[in-house]
Amino acid sequence: MLQQTPVVRVLPVWESWMERWPTPEDLAAEPAGEAVRAWEKLGYPRRALRLHACARELVEVHGGEVPADLEELLALPGVGEYTAAAVASFAFGVPAAVVDTNVRRVEARAWTGNALPEPSYTRAEARLAHELMPDTSTPEGIAEANAWNAASMELGALICTARSPRCDECPVQASCAWIAAGRPAPHYTPKGQAWEGTDRQVRGAMMAVLRAADGAVPAAALRTPGDPAEAGSAPQDAGLEPDAVPTLRALRRLAAGAEQRERCLAGLLADGLAVADGEGVALPA
DNA sequence: CAGCCGTGGGA
DNA sequence: TTCCCAAGGCT
């Protein structure tokens, strides 16, 4: 849930999930669509699908337990280098190098002297991160490495922030390469994420409809562009339950043609975020 | 590696 | 108001 999503937005959903599905077995017993629905508006709903698949794999391959081994973690759906290391280090005390966006930024500034980490995670960054890890050949070193991971992340999240870092409160400002260099501007200009008119926007609106609907939604309701002349009477005609009407209205209002809508719907089906049958389109069973 | 995949709060 | 970007992963 925390992948690319702020902690404060994740917390309430996580609480709800843990109450409803305390163990991997509980989640694994549900249809994948329930995970997607309970994902609510965290975004990137494929993560819900992967988390559900992960729960099933934990049950079927790992006896319902989360493995502590880095390679076994890495093999789980939706678990990449960062998540595997974070679970190993924070949950099990296995000192893997935890390199998230916060750590990358801290190391880019304090050691490399750049305002921002590279646009994509580079070998050089990974090498630096591993070099900086405390030696783990002793029990004390292992504890130190795990503390290092937590400390690096927190420093980046609370002090060495992306926008306006609080250098005056920073415990390492005296040795910070970026400050020493006079806090130079970024060596590149981040290319912002486009949103208006993108497939992501259309897919998101389609997923909102499916989450709001109890059962299936007619495919035509999803792929038909809104007709301004109809002035919003079409959603009710589609025969949806009232809860889904606002979301469908929002979908139809998007400036997306039939071709784009068709492509997006096909994409959702291909991704397994939705399934189609004679009734229409619904969250996966 | 580059591109893609949601969402919304804060600067 | 607009823009930035957040505990990334996968193809």
Side-chain angles (χ1 to χ4, degrees), chain A residues 1-14 36-37 39-54 73-91 96-108 115-126 129 146 148-158 160-166 185-186 188-211 247 250-251 254 256 260 263-274:
Chain A
M1 288 176 176
L2 289 166
Q3 294 166 359
Q4 292 285 283
T5 305
V7 178
V8 289
R9 202 175 309 161
V10 163
L11 266 175
V13 180
W14 180 78
V36 174
R37 192 188 307 278
W39 197 252
E40 299 181 10
K41 296 168 124 183
L42 287 182
Y44 292 147
R46 288 190 286 200
R47 294 180 297 165
L49 228 42
R50 293 183 187 134
L51 188 47
H52 178 263
C54 182
L73 285 165
L74 203 47
L76 295 168
V79 177
E81 212 175 312
Y82 156 73
T83 303
V87 171
S89 178
F90 299 142
V98 178
V99 189
D100 76 330
T101 187
N102 292 300
V103 173
R104 290 182 60 208
R105 188 174 53 251
V106 165
E107 297 182 353
L116 296 174
E118 298 303 318
S120 58
Y121 190 43
T122 63
R123 299 275 184 75
E125 285 185 87
N146 292 324
W148 170 269
N149 286 330
S152 301
M153 286 186 65
E154 292 303 300
L155 184 59
L158 302 178
C160 196
T161 56
R163 311 261 184 62
S164 41
R166 318 170 124 199
Y188 64 93
T189 54
K191 45 169 191 188
Q193 306 172 351
W195 176 247
E196 212 56 40
T198 62
D199 283 5
R200 303 168 75 171
Q201 183 187 36
V202 176
R203 289 169 55 113
M206 287 179 171
M207 289 305 299
V209 174
L210 296 182
R211 283 196 308 269
T247 59
L251 170 61
L254 296 179
Q260 183 179 19
R263 177 174 69 247
C264 289
L265 177 54
L268 294 179
L269 295 171
D271 289 344
L273 284 167

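As the structure is a computational prediction, the values presented were derived from the model and not from experiment. Residue numbers begin at 1 in each chain, while the letters A, B, ... track the order of the sequences.
Distance, A:Gln3 CD to C:dC10 P: 8 Å, rounded to whole Å. Atom CG of A:Leu49 is separated from atom C1' of C:dG9 by 13 Å (rounded to the nearest Å). In this structure, A:Met153 atom CE and C:dA6 atom C1' are separated by 11 Å, rounded to whole Å. Whole-Å rounding puts the A:Arg46 CZ to B:dG6 P distance at 6 Å. In this entry the distance linking CE of A:Met1 with C1' of C:dA6 reads 16 Å, nearest Å. Protein atom CZ of A:Arg104 is 13 Å distant from nucleotide atom C1' of C:dG9, rounded to whole Å. Rounded to whole Å, atom C1' of C:dA7 lies 14 Å from atom CG of A:Leu51. The interatomic distance linking A:Leu73 (CG) with C:dG9 (C1') rounds to 15 Å, in whole Å.
Residue contacts shown for A:Asp271 are absent, as no nucleic acid heavy atom lies under 4.0 Å away. Nucleic acid contact class of A:Arg166 (heavy atoms, under 4.0 Å, all strands): none. Residue A:Gly43 is classed as a base contact, given a heavy-atom separation below 4.0 Å to a base. Note on A:Ala86: nothing from the nucleic acid sits closer than 4.0 angstrom, heavy atoms only. Contacts of A:Pro45 with the nucleic acid, taken as non-hydrogen atoms under 4.0 Å apart, involve only primed sugar atoms and P, OP1 or OP2. Here A:Glu81 lies in heavy-atom contact (under 4.0 Å) with sugar-phosphate atoms only.
At a non-hydrogen distance threshold of 4.0 Å, A:Asp100, A:Thr101, A:Asn102 from residues 96-103 of chain A come into contact with DNA chain C.
Under the side chain to side chain donor-acceptor pair (under 3.5 Å) criterion, A:Arg50 pairs with no residue, sequence neighbours left out. For A:Arg200, the salt bridge (charged side-chain N to carboxylate O under 4.0 Å, His left out) test picks out no residue, with sequence neighbours left out.
Contact of A:Arg200 with B:dT7 (side chain to base): no donor-acceptor pair of N or O atoms is detected under 3.5 Å.
Here A:Arg105 contributes atom CZ and A:Met153 contributes atom CE; the two are 10.5 Å apart, rounded to the nearest 0.5 Å.
When each of A:Glu118, A:Glu81, A:Glu125 is tested with A:Arg104 by the rule salt bridge (charged side-chain N to carboxylate O under 4.0 Å, His left out), just one qualifies, namely A:Glu125.
With 3.5 Å as the limit, one finds a donor-acceptor pair spanning the side chains of A:Arg47 and A:Thr5.
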